[in-house]
Structure formats: C-alpha cells, structure tokens
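Quick notes on the structure that follows.
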Amino acid sequence: LGDDNISSKQLEFKCCGETLRLAKRGAETAYVDGKLYSLVKQGAAEWTIESVPVWKTPAAKARELGRAVVITLEKDHPTSKNHDTKLAKGHWPCVIKGHPTIDV
C-alpha cells in the first residue's frame with residue numbers, strides 16, 4: 001500500500017468466483033481489477049493488511065517493512081500432479097488474466 005495510513009475500512013474488496021477487485025474506496029484506479037485465471041470457491045476469499053518486507057521504490061537496494069494487502073484464494077479446482085507425467089494439472093501461470101506469468 002502506498003499510503004501507510006490506509007485502513008481496511010477504506011478498502012473495497014470483491015471476489016465473485018471469476019473476478020477480483022481491490023481498490024481504495026472512491027478511487028478511479030484499482031490496485032487490482034480483473035478476471036481470475038480460473039474459478040475460485042465462492043465465499044472462500046480472505047484478505048488482511050499485514051506488515052511485510054516490501055520494495056518501497058523501484059530503485060531501492062533492500063526491502064523495508066511496509067504494509068501490504070495479503071489475499072488468500074481457494075481454487076475451485078486445486079492443483080494436482082499427474083504421477084505418470086509429473087505435470088501439474090490445474091496450475092495457474094498467473095492470478096489475473098493478462099498479468100505476468102510464471103514458468104513452473
């Protein structure tokens with residue numbers, strides 16, 4: 001969170017199975033807003049504001065303690081490994097479609 005004084009009451013969080021939105025109430029631009037890679041279980045999304053090590057600026061040489069929103073989602077179809085091929089079934093390469101992907 002860029003504003004260290006922001007409280008949970010000032011945030012709007014909505015997760016509706018296939019979409020996720022996190023924004024400061026009244027702001028035009030959301031922190032995160034998009035379609036999830038796949039479905040999550042309805043009512044199983046949780047979020048908290050926590051103190052965590054963060055990069056405060058792109059030029060920072062080390063992480064500092066800052067505040068971040070930590071979101072926990074439960075997939076509708078969990079990741080499982082196929083023992084024959086050792087490939088992960090149900091793996092998400094990203095959380096929000098169109099965001100950077102990881103290669104596992």
Side-chain angles (χ1 to χ4, degrees):
L1 298 170
D3 181 359
D4 286 341
N5 296 321
I6 197 166
S7 72
S8 60
K9 292 180 181 181
Q10 295 173 291
L11 295 176
E12 171 191 321
F13 176 80
K14 187 173 183 183
C15 185
C16 298
E18 61 183 31
T19 61
L20 184 136
R21 176 177 168 78
L22 175 69
K24 187 173 181 180
R25 291 191 190 278
E28 289 184 30
T29 305
Y31 294 113
V32 178
D33 188 10
K35 187 169 178 138
L36 293 167
Y37 183 79
S38 191
L39 294 174
V40 295
K41 291 189 177 178
Q42 292 282 24
E46 298 178 358
W47 66 278
T48 60
I49 297 175
E50 297 182 9
S51 293
V52 295
V54 296
W55 298 103
K56 294 240 177 171
T57 66
K61 297 193 186 287
R63 290 188 277 180
E64 300 174 38
L65 198 58
R67 297 177 71 227
V69 175
V70 177
I71 300 171
T72 304
L73 305 171
E74 185 177 347
K75 295 178 182 179
D76 199 34
H77 302 285
T79 302
S80 61
K81 289 211 176 197
N82 181 332
H83 295 291
D84 296 332
T85 62
K86 296 186 180 179
L87 294 175
K89 180 180 178 185
H91 171 74
W92 292 13
C94 59
V95 176
I96 303 290
K97 288 183 179 180
H99 282 205
T101 60
I102 59 171
D103 182 19
V104 176

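These numbers come from the heavy atoms of this one structure, side chains and all, not from hydrogens, waters or symmetry mates.
- Of all heavy-atom pairs spanning H91 and Y37, the tightest one is O-CE2, 4.0 Å.
- When the side chains of ILVMFWY residues are joined at heavy-atom separations under 4.5 Å, either directly or via intervening members, L39 and L73 end up in two distinct hydrophobic clusters.
- Between Q42 and C16, the shortest heavy-atom distance links the atoms OE1-C, 3.8 Å.
- When every heavy atom of L36 is checked against every heavy atom of C15, the shortest pair comes out as CD1-SG, 4.1 Å.
- Taking CZ of R25 as the reference point, atom CG of L11 lies at 8.0 Å (rounded to 0.5 Å).
- The shortest distance between side-chain heavy atoms of F13 and L20 falls below 4.5 Å.
- Not counting sequence neighbours, E18 has no partner by the salt bridge (Lys or Arg N to Asp or Glu O under 4.0 Å) test.
- Residues P100 and C94 approach most closely at O-CB, 3.4 Å, considering heavy atoms.
- Residue N5 comes nearest to Q10 through the heavy atom pair O-OE1, 3.7 Å, listed as atom of the first residue, atom of the second, then distance.
- The hydrophobic cluster around V52 extends to V54, counting ILVMFWY residues whose side-chain heavy atoms fall within less than 4.5 Å of a member.
- Distance alone, capped at 3.5 Å, places no donor-acceptor pair between the R21 side chain and the E12 backbone.
- You'll find the side chain of V95 stays beyond 4.5 Å of the side chain of I71, heavy atoms only.
- The closest side-chain heavy-atom distance from R67 to I6 is below 4.5 Å.
- Here the closest heavy-atom approach between residue Y31 and residue K24 is recorded as CE1-N, 3.8 Å.
- Not counting sequence neighbours, the partners of S8 by the side-chain contact (heavy atoms from CB on, under 4.5 Å) test are W47, I49.
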